[in-house]
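Computed from heavy atoms alone, side chains included, the values below leave out hydrogens, waters and symmetry copies. Numbers for residues simply follow the sequence, beginning at 1.
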Amino acid sequence: MITCPNCGRENADNFNFCLDCGYDLKSYRETLAPAAQDFAPPPDEPEESAFATSAPTESMSADEVNAAAAATGTDTPDPVTTPPMSSPTPAPAPAATPAPASAATPAPSSSGTATATPAASGGTAAATPAAGGEDCPSCGSFVSSGQRFCGSCGYRMDGSSPAPAAPKAAAPAAGRTMFMHATDISAAKPKQKQCKLITIDQSGQEGMTYTLNSGETVCGRVNGIVLFFDDPYVSPTHCLFTFAGDKLKIADKDSLNGVYIRIPDERALTDGDHLRIGRQLFRYETLAAASDEVSRSEGDDAKIWGSPNPGAFGRLLQILEDGRTGEVRLLAGESCNLGREQGEIVFPTDGFISGRHCSFFHQGGSTRIKDLGSSNGTYVRVRGEATVAHGDFVLVGNQMLRVEIQ
C-alpha cells in the first residue's frame, strides 16, 4: 500500500493516481525510491546487531556483556534500554519516511494504462473493487463505484473540476496515440459530378459513351472530342457542350441540321421553331408571319377570294430532304393532334410516329406543343444555347444522345 501525501488515502502499490484526489502517485513513488534505497537493508542479508555474539545473551550478565563489548572494541550498550536479543534483527526504516513498495507487488505498467485494476493484498477497502463500477472514459480501466478518480490514468470520474496538479509532469502514455484534431478532407471537399453522353441506336440499345470533363467539349464529324465521323448529317464542327458543376449547356455552332432537345411534357412555340417528329421535319409559323400569295394592282379594291379560314392559329410547313417546302398543315380548333393513326394531321407511312404522337393548342395568346407519351418523343431545335438536365435526350445529326449527370 502507498499513502497519498495529498489526502492520506491508502492506495494499492500499482495505482498511478490517488482514488480520492487524483494525486500523481507514480511521480511520488519515483521521488521516494532514492531515499528508500539509502535506508533499506539488503533483501537477502539481514543487518546484525553491532554487539551480537555467537553465545546466547539470555545467560549473560551485564558485566559479561560489558566485557564482551570491551573485547570487541565497541561501545557498551545501555543494559537498561537495550533488551536481550535472541537472534539478529534487521534495522527498522526511519519512521518519517514511508516504506517503499514491496518486492512482491507488481511494478506499474510502463505504458501508463491498465486494462483491469488488480486487487491489493491486505483486504483493505481501497484495494478491493466495489460490486458496481464503470470503465474509465480516458483509458478504459475498470473503476469501482465511489472512486472519484481512475487509479490508472487519473481521470476525474465525476466530471467536475480538474485533478490537483502533480508535483512533476508525468510523461505521456507510450501506448496511447494522440489525436491531432485534423479536419476530414473527404468530408470538406464535395464530390465532383460527372456528365456522360450515351448514344442510343434505332433499336433502343446503348452504344458509345462519352464522358465530358469540366469546361468545353466540341462535337462534330471532323473537329472535336465527341466525333461522329460516319454520320453525314453531322457538320464538321456541329455543337459545343459546356459542363460546369451540375449544369450542362449545349450551343449550336451554325450547323446545317441543328441540335434538337426532346421536350419532357409541353412547351411554348415561337414563330420559326423547327420540330422533329418521327422522320418528319417541320417549321412552325404564325399566320401573321405567313407571306401573302396574292398581290393587288393599284386601284383594285376587290375582296380576295380564297379557301375558307377554319380559325387557324398557326401552321406547320413540311421541309423535304432537298430543303424545299412540302405540305403545309393548318393548326386550327381547340387543339390539333398529330399522329400515325389518329389526329387532324396523320402520317400513316411513318413508322417512327406513334398512333397519337403530339398535340398543338392555343393558350394565353401563344401556341404550345404537348407530347402525348410517344415512343420516340417530340424534339425542338435549339436556338443559340440551351441548358439540358439529367435524363434529357438530344439529337445531333442522326445521333440520339441521352444525358447523364451524377
Side-chain angles (χ1 to χ4, degrees), residues 232-233 235 238-239 250-263 265-350 352-372 374 377-386 395 397-398:
Y233 298 102
S235 297
H238 198 100
C239 61
I250 184 171
D252 188 5
K253 304 300 289 183
D254 297 326
S255 63
L256 177 64
N257 294 308
V259 179
Y260 291 78
I261 298 178
R262 182 173 180 170
I263 62 174
D265 184 17
E266 67 177 70
R267 61 160 289 174
L269 294 176
T270 58
D271 185 71
D273 277 345
H274 286 76
L275 311 173
R276 282 181 61 168
I277 302 173
R279 190 61 183 79
Q280 308 300 317
L281 176 62
F282 301 100
R283 183 177 72 249
Y284 167 75
E285 290 183 354
T286 63
L287 290 183
S291 60
D292 293 334
E293 300 295 334
V294 178
S295 60
R296 295 175 181 270
S297 60
E298 186 177 355
D300 191 344
D301 58 355
K303 185 178 179 179
I304 298 176
W305 193 97
S307 300
N309 187 343
F313 53 84
R315 65 178 185 174
L316 291 179
L317 281 71
Q318 184 186 42
I319 300 176
L320 303 178
E321 288 182 337
D322 56 7
R324 293 181 296 175
T325 302
E327 296 182 3
V328 178
R329 304 295 182 95
L330 289 177
L331 304 175
E334 293 184 359
S335 64
C336 183
N337 297 326
L338 183 151
R340 191 182 72 252
E341 300 172 352
Q342 303 177 22
E344 289 72 27
I345 304 175
V346 293
F347 293 90
T349 60
D350 191 337
F352 296 98
I353 296 179
S354 297
R356 294 177 67 252
H357 198 101
C358 61
S359 177
F360 299 86
F361 58 96
H362 195 68
Q363 184 182 66
S366 64
T367 301
R368 302 184 67 84
I369 182 173
K370 180 177 182 179
D371 187 83
L372 300 177
S374 64
T378 302
Y379 293 80
V380 179
R381 183 170 179 169
V382 173
R383 289 192 175 194
E385 184 181 78
L395 294 179
N398 208 28

In Å and rounded to the nearest 0.5 Å, what is the [atom1] to [atom2] distance from [X] to [Y]?
{"X": "Glu385", "Y": "Asp252", "atom1": "CD", "atom2": "CG", "answer": "11.0 Å"}
{"X": "Ile319", "Y": "Leu281", "atom1": "CD1", "atom2": "CG", "answer": "4.5 Å"}
{"X": "Leu269", "Y": "Ile263", "atom1": "CG", "atom2": "CD1", "answer": "8.0 Å"}
{"X": "Tyr233", "Y": "Leu256", "atom1": "OH", "atom2": "CG", "answer": "11.0 Å"}
{"X": "Gln280", "Y": "Leu320", "atom1": "CD", "atom2": "CG", "answer": "9.0 Å"}
{"X": "Arg340", "Y": "Ile277", "atom1": "CZ", "atom2": "CD1", "answer": "14.0 Å"}

State yes or no: are the ring centers of Phe347 and Phe282 separated by less than 6.0 Å?
-> yes
Give the minimum heavy-atom separation between [X] and [Y], together with the two atoms involved.
{"X": "Gly272", "Y": "Arg383", "value": "C-NH2, 2.9 Å"}
{"X": "Ala312", "Y": "Leu287", "value": "O-CD1, 3.2 Å"}
{"X": "Ser255", "Y": "His238", "value": "OG-NE2, 3.4 Å"}
{"X": "Gly339", "Y": "Ile353", "value": "C-CG2, 3.7 Å"}
{"X": "Asp300", "Y": "Ala302", "value": "OD1-N, 3.0 Å"}

I'd like to know if the side chain of [X] reaches the main chain of [Y], judged simply by a donor and an acceptor atom lying under 3.5 Å from each other, with no hydrogens or angles considered.
{"X": "Arg329", "Y": "Leu316", "result": "no"}
{"X": "Glu266", "Y": "Ile369", "result": "no"}
{"X": "Asp350", "Y": "Arg279", "result": "yes"}
{"X": "Asp273", "Y": "Tyr284", "result": "no"}
{"X": "Ser335", "Y": "Phe361", "result": "no"}
{"X": "Gln318", "Y": "Glu327", "result": "yes"}
{"X": "His357", "Y": "Gly377", "result": "yes"}

Please report the C-alpha distance between Val382 and Ile261 in whole Å, then the side-chain angles of each, then the deciding distance to 0.1 Å, and finally whether the side chain to side chain contact (heavy atoms under 4.5 Å, CB included) criterion is met.
-> CA-CA 7 Å; Val382 173; Ile261 298 178; 3.6 Å; yes
Taking the side chain as every heavy atom from C-beta outward, state whether [X] and [Y] have any atom pair closer than 4.5 Å.
{"X": "Leu395", "Y": "Asn257", "answer": "no"}
{"X": "Arg296", "Y": "Ile304", "answer": "yes"}
{"X": "Lys370", "Y": "Asp265", "answer": "yes"}
{"X": "Gln342", "Y": "Leu372", "answer": "no"}

Over 12 foreign heavy atoms within 6.0 Å of CZ, Arg368 = yes
Quick one: salt bridge (charged side-chain N to carboxylate O under 4.0 Å, His left out) partners of Arg276, sequence neighbours excluded?
-> none
Residue list, salt bridge (charged side-chain N to carboxylate O under 4.0 Å, His left out) with Asp371, at least two apart or on another chain | none
